[in-house]
Number of protein chains: 2
Amino acid sequence: MPALHDHTHCIADALTRADALCAERGARLTALRRRVLELVWSSHRPRGAYAILEDLSQQDGKATAPLTVYRALEFLVEQGLVHRIESLNAYVGCAAPEDVHSGQFLVCEACGDAAEIDDPGVGAAIDAAAAGRGFRVQRPTVEVRGLCKSCQENPR
Amino acid sequence: MPALHDHTHCIADALTRADALCAERGARLTALRRRVLELVWSSHRPRGAYAILEDLSQQDGKATAPLTVYRALEFLVEQGLVHRIESLNAYVGCAAPEDVHSGQFLVCEACGDAAEIDDPGVGAAIDAAAAGRGFRVQRPTVEVRGLCKSCQENPR
DNA sequence: GGGCATGGTGTTACTTTATAACACTCCCGC
DNA sequence: GCGGGAGTGTTATAAAGTAACACCATGCCC
């Protein structure tokens, strides 16, 4: 998301939807998990577990161990509220947690934003390619590095 | 590659092609780099940098530092002789180093094999999805987790 | 052939990312 | 209110990757 949007709205919206989803599923979105989700959403850039850890320590003043963060992230990923970007060892909020989907990402090398897409064509092509080889798909990962529109238009 | 193939042939073939390619390009496939390539090829399973490091130390008797291996791997990846599997932090030999391509992989959760495919449909779908959003693709990553044909047929 | 620039390798130390093992606590249902 | 399971805290450790700098070897120029 190339700047210039009301990001507090993104965060609030993400939290509201997470609350609703977890309530509906009987999953426990505890204070800690909710806070970690909020910190993941603090931008549209994927954030590392240790960056979140630092935020927790500094902003909230509590000294936290890595495991605490990893456990919260694990829960959030399981619930589909957060995706892990494998090629960055980092986490980013999911834009459409209600839908079951495996994330596809366009990661900008310049600004670091990771735009989530859920392109049916890409999914279908992967399914077809796998089926043709007798491979049963469980979890596809698509992470495309490149330059986002706004960084192409405003190079630095 | 579900067992039952002459893997020494795979290795020999990979090395021969690497020699030819590097000679053609004026790239220096030194003894160390060649040896690391051989170790990457020791199976069709992605191997971690530290596994290769251990092989170097134990099989060859030389104590080597991680950096040595990483540097060799970096070279091999640049030359397209080896691909990095992001979701595993591991490396696997490229089946078709002559062609320029970004790897697409079917990674079996059961046996660990990573089958490289270069499916034009998948590539085209990604290009189309990116183009529709004004995103310029530099390096697509596709890593599909699931079950390979042979592991579906012979569950354990 | 001597000098020298470049690229490759060795060595030490260190950072970042992730997990193991185990204790404690809180909350829910009964 | 209490027993059990899920969640969290704590300490330690493993795995993956990088920085800085020295040394060596190869090839090229003169």
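A note on names: the letters A, B, ... follow the listed sequences, proteins ahead of strands, and every chain is numbered from 1.
Looking at heavy atoms from C-beta onward, A/Leu56 lies in side-chain contact with A/Leu32 at the 4.5 angstrom threshold. Here the side chains of B/Ile117 and A/Arg133 are in contact, with some heavy-atom distance below 4.5 Å. Contact annotation: the side chain of A/Leu88 never approaches that of A/Arg45 to less than 4.5 Å [non-hydrogen atoms, C-beta and beyond].
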Could you run through nucleotides 6-22 of chain D and give me one letter per nucleotide, 5' to 3': B if any protein heavy atom sits under 4.0 Å from the base, S if only the sugar-phosphate is that close, - if neither?
SSBBBB----BBBBB--
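Relative orientation of the B/His83 and B/His101 rings is perpendicular, given thresholds of 30° and 60° on the angle between their planes. Aromatic ring orientation, A/His44 versus A/His7: perpendicular (interplanar angle above 60°, classes split at 30° and 60°).
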A correct dot-bracket answer for DNA chain D, with pairs being Watson-Crick or G-U at under 3.5 Å, [ ] for crossing pairs and | for inter-strand pairs, is ||||||||||||||||||||||||||||||
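Judged by distance alone, the side chains of A/Glu143 and A/Ser87 do bring a donor and an acceptor atom under 3.5 Å apart.
Think of the region where chain A sits on DNA chain C: with heavy atoms and a 4.0 Å cut, that region ends 5' and 3' at C/dT17 to C/dA21.
Heavy-atom minimum distance, B/Gly48 versus B/Ala90: N-CB, 4.0 Å. Here the shortest heavy-atom pairing between A/Ala18 and A/Leu37 reads CB-CD2, 3.4 Å.
Side-chain N or O atoms of B/Arg25 include one that pairs as donor or acceptor with a backbone N or O of B/Gln79 at under 3.5 Å.
Contact check on B/Arg71 versus B/Glu74 returns no salt bridge, with no Lys/Arg side-chain nitrogen under 4.0 Å from an Asp/Glu carboxylate oxygen.
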